[in-house]
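See below for the structure under consideration.
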Amino acid sequence: MKRMKWRHILSAEQFNRNSIDYLFDKAKSIKQNPSLYNKILENKVMAKFFYQPSTRTSFSFDIAMKKLGGHVISTENARVFSSVTKGETLEDTILTLTTGLEVDVIVLRYDEMDGAKRASKITTTPIINAGDGAGEHPTQALLDLFTIQEELGRLDNFKIAMIGDIKNSRTVHSLAKLLTLYKNVDIIFVAPPEISLDKEEGQKTVKYLTKHGARFFYSNDLERVLTEVDVVYVTRIQEEYFTDRKAYDKVFGKYILSPKILPADKVPIIMHPLPRKGEITFAVDSLPQAAYFRQVNNGLYVRMALLSLILGKN
Ligand code: NCD
């Protein structure tokens with residue numbers, strides 16, 4: 001298979017089926033035999049610069065880099081713990097890390113849309129978008145897609161419901177875009193009207209899905225939708241993007257996945273990018289279809305594969 005060339009990872013829009021197959025094959029080989037890869041990024045340095053909190057994405061990138069033999073330096077809460085607090089721009093920060101300090105890759109989580117794109121305009125050092133406000137989260141979408149393939153055994157011919165804060169969830173925006181690459185995929189969005197995909201931040205995704213011929217629908221009947229889909233992707237209501245507390249309270253808790261609303265005969269695969277805040281009850285965790293912690297594990301291998309393809313000699 002042809003080697004895929006990436007410099008930056010900015011958006012789900014940059015991938016095609018071939019590049020995803022190539023990446024997933026790599027992730028599977030690493031998962032099967034990680035020790036073969038434990039020195040391939042020796043002497044490489046990853047700078048992780050996060051303007052927003054993170055547990056999974058942050059640790060996942062750290063561990064992925066370390067398991068490949070590389071080094072990690074990082075700043076969490078960059079608006080407080082870095083010179084951003086003194087007023088330094090994103091551009092100056094990126095030039096400091098690249099031209100100044102010669103890091104090999106930057107993993108950036110920014111708090112506004114297109115942060116990673118801005119960074120990529122001023123450097124040839126690879127920039128990986130680890131979330132840009134309510135915009136995109138392409139590496140999460142790749143690990144989500146990898147999980148669907150592992151759990152369902154296919155990426156064509158299936159139905160997926162995406163539930164919760166569809167407007168503000170960058171993971172939803174990126175995953176929905178990736179799904180347009182596959183045949184016969186129906187996406188059903190289930191969200192309170194205030195945070196549905198056709199509102200503000202979501203509109204870019206609606207345009208993209210329409211342009212790429214995606215089959216997507218809206219519903220507010222969660223119980224019925226659960227009987228129709230193969231996969232359900234639940235998201236947290238993204239409190240940090242609400243300016244009005246009352247508006248948040250109005251939509252919080254509207255759709256909750258619990259064993260009692262799941263169909264008795266065929267339970268869909270249950271996914272969540274995490275963290276959850278009550279939208280999947282703990283009682284769901286013991287079902288074999290609850291895939292969200294396996295999703296986290298897959299993320300490690302998908303990120304190892306990405307880093308090795310971006311920085312390695314393979
Ligand atoms: C998500 C994110 O940060 O966008 N989490 C993640 O990266 N796994 C989802 C969220 O914060 O709800």
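Counting starts at 1 for both ligands and their atoms, in listed order. Note that this is a predicted model, so its numbers are computed, not measured.
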Open item on the list: Is it the case that ligand 1 has an N or O less than 3.5 angstrom from some N or O of Arg56?
Closed with: no
- [ ] May I ask whether Gly131 has any heavy atom positioned less than 4.0 angstrom from an atom of ligand 1?
- [x] no
- [ ] Ignoring angles and geometry beyond distance, decide whether His137 reaches within less than 3.5 Å of ligand 1 through its nitrogen or oxygen atoms.
- [x] yes
Task: Residue that, paired with Tyr182, satisfies side-chain contact (heavy atoms from CB on, under 4.5 Å) out of Leu155, Asn157, Ile148 - done: Leu155
Task: Crowding at NZ, Lys266 (>12 non-hydrogen neighbours, <6.0 Å) - done: yes
Open item on the list: Measuring only between side-chain heavy atoms, which start at C-beta, is Lys177 closer than 4.5 Å to Thr205?
Closed with: yes
- [ ] Answer side chain, backbone, both or neither: which part of Thr171 comes under 4.0 Å from ligand 1, heavy atoms only.
- [x] side chain
TODO: For Arg79, look at atom CZ and say whether over 12 heavy atoms of other residues, nucleotides or ligands are found less than 6.0 Å away.
DONE: yes
- [ ] Could you pull out, from Leu274, Leu143, Val296, Val172, the option with a heavy atom nearest to atom 6 (C) of ligand 1?
- [x] Leu274
Open item on the list: Using a 3.5 Å distance criterion without hydrogens, assess whether the side chain of Ser169 forms a donor-acceptor pair with backbone atoms of Thr171.
Closed with: no
Task: Contact partition for Gln52 relative to ligand 1, non-hydrogen atoms under 4.0 Å - done: neither
Open item on the list: Under a 4.0 angstrom heavy-atom cut-off, which atoms of ligand 1 come close to Gln140?
Closed with: 6 (C), 7 (O), 8 (N)
Open item on the list: How far is atom 8 (N) of ligand 1 from the closest protein heavy atom, and which atom is that?
Closed with: Pro273 O, 3.0 Å
TODO: Quick one: sort the His212 and Tyr208 rings into parallel, tilted or perpendicular, breaks at 30° and 60°.
DONE: parallel
Task: Shortest protein heavy-atom distance from atom 11 (O) of ligand 1, along with the residue and atom involved - done: Arg236 NH2, 2.9 Å
TODO: For the pair Glu194 and Lys167, find out whether any cationic side-chain nitrogen is under 4.0 Å from an anionic carboxylate oxygen.
DONE: no
- [ ] Identify the protein heavy atom lying closest to atom 4 (O) of ligand 1, giving its residue, its atom name and the separation to 0.1 Å.
- [x] Arg170 NE, 2.7 Å
Task: Lys159 atom NZ: more than 12 heavy-atom contacts under 6.0 Å - done: no
Task: Within-shell test, Arg109 vs ligand 1, heavy atom, strictly < 4.0 Å - done: yes
